[in-house]
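All values below come from the heavy atoms of this structure, side chains included, with hydrogens, waters and symmetry mates left out.
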Amino acid sequence: MYHCPLRWGDQDALGHVNNGRYVDYLQDARVDFLFRTAKELGADDLETGLLVARHEVQYRAPLRFRPAPVRIELWISEIKAASFTVDYEILDAEPERKTYVEARTRLVPFDFAANRLRRISPVEREALSKLVGS
């Protein structure tokens, strides 16, 4: 879980969070989740070599600026040989649990030194498996 602060400048002319900002929120949560958690699980290479292959965003309700952060829940939903998928929900804290966005990002490991995609290593697969549905 990640608590994401809203910024005044995230609003559009209609007074709600601009749709493009949600992708920034997802990235902040994903980086925190993967870098912190992957390191804890011993899969450090995920820190340095991932590319976004696809984003899917479903907007459920408009989000207006407020001082309280939104909560982003995220988990691994799929692991393949050379990609994995992170699912998210952007929502209010309890007790209401209003959902603003449901999203999904497919990530691919990338070897920047060789300038090519790479497969998920056994260590990475084991670490990611511990995050499925969490």
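Of the inter-residue distances, the one linking L63 atom CG with K98 atom NZ reads 8.5 Å to the nearest 0.5 angstrom. To the nearest 0.5 Å, atoms CG (L131) and CG (L74) are separated by 9.0 Å. The CG atom of D12 sits 10.5 Å away from the CZ atom of R21 when rounded to the nearest 0.5 Å. Rounded to the nearest 0.5 angstrom, R60 CZ and E89 CD are separated by 9.5 Å. A distance of 11.0 Å separates CD in Q27 from SG in C4, rounded to the nearest 0.5 Å.
Take Y59 and apply the side chain to side chain contact (heavy atoms under 4.5 Å, CB included) test, not counting sequence neighbours, and it matches N19, Y22, V57, V101. For H3, the side chain to side chain contact (heavy atoms under 4.5 Å, CB included) partners at least two apart in sequence or on another chain are M1, P69, R71. A search for side chain to side chain contact (heavy atoms under 4.5 Å, CB included) contacts involving V52 returns R30, H55, T105, L107, not counting sequence neighbours. The side-chain hydrogen bond (donor to acceptor under 3.5 Å, both in side chains) check on T99 picks up nothing, with sequence neighbours excluded.
Residue R7 qualifies as enclosed at atom CZ: its count of foreign heavy atoms under 6.0 Å is above 12. Other residues, nucleotides and ligands place no more than 12 heavy atoms under 6.0 Å from the CZ atom of R119.
F110 forms part of a hydrophobic cluster together with L51, V108, F112, L117, judged by ILVMFWY side-chain heavy-atom separations under 4.5 Å. By the 4.5 Å side-chain criterion applied to Ile, Leu, Val, Met, Phe, Trp and Tyr, L14 is assigned to no cluster and stands alone.
With salt bridges taken as basic N to acidic carboxylate O contacts below 4.0 Å, one links E124 and R118. Between D92 and R66, at least one side-chain N (NZ, or NE/NH1/NH2) sits under 4.0 Å from a carboxylate O, which counts as a salt bridge.
With hydrogens and angles disregarded, no donor-acceptor distance shorter than 3.5 Å links the side chain of R104 to the backbone of Y88.
Smallest separation of non-hydrogen atoms from S83 and I120: O-CD1, 3.3 Å. When all heavy atoms of W75 and F33 are compared, the closest pair comes out as CA-CZ, 4.2 Å.
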* **CA sep, side-chain torsions, deciding dist, call: I79, S129, side-chain contact (heavy atoms from CB on, under 4.5 Å)** => CA-CA 8 Å; I79 305 169; S129 294; 3.8 Å; yes
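Considering only heavy atoms from C-beta on, I76 comes within 4.5 Å of V86 through its side chain. Between F65 and Q11, some side-chain heavy-atom pair lies under the 4.5 Å cut-off. Two residues are said to be in side-chain contact when any heavy atoms from C-beta on lie closer than 4.5 Å; I72 and Y25 meet this criterion. Using a 4.5 Å cut-off on side-chain heavy atoms (C-beta onward), N18 and D10 make no contact.
Note on V132: it clusters hydrophobically with L50, by side-chain heavy-atom contacts below 4.5 Å among ILVMFWY residues. Criterion: ILVMFWY side-chain heavy atoms under 4.5 Å apart, direct or through other members. Under it, L91 and Y2 are not part of a common hydrophobic cluster. Residue L6 is grouped with residue I90 when hydrophobic side chains (ILVMFWY) are merged at heavy-atom distances under 4.5 angstrom, including chains of intermediate members.
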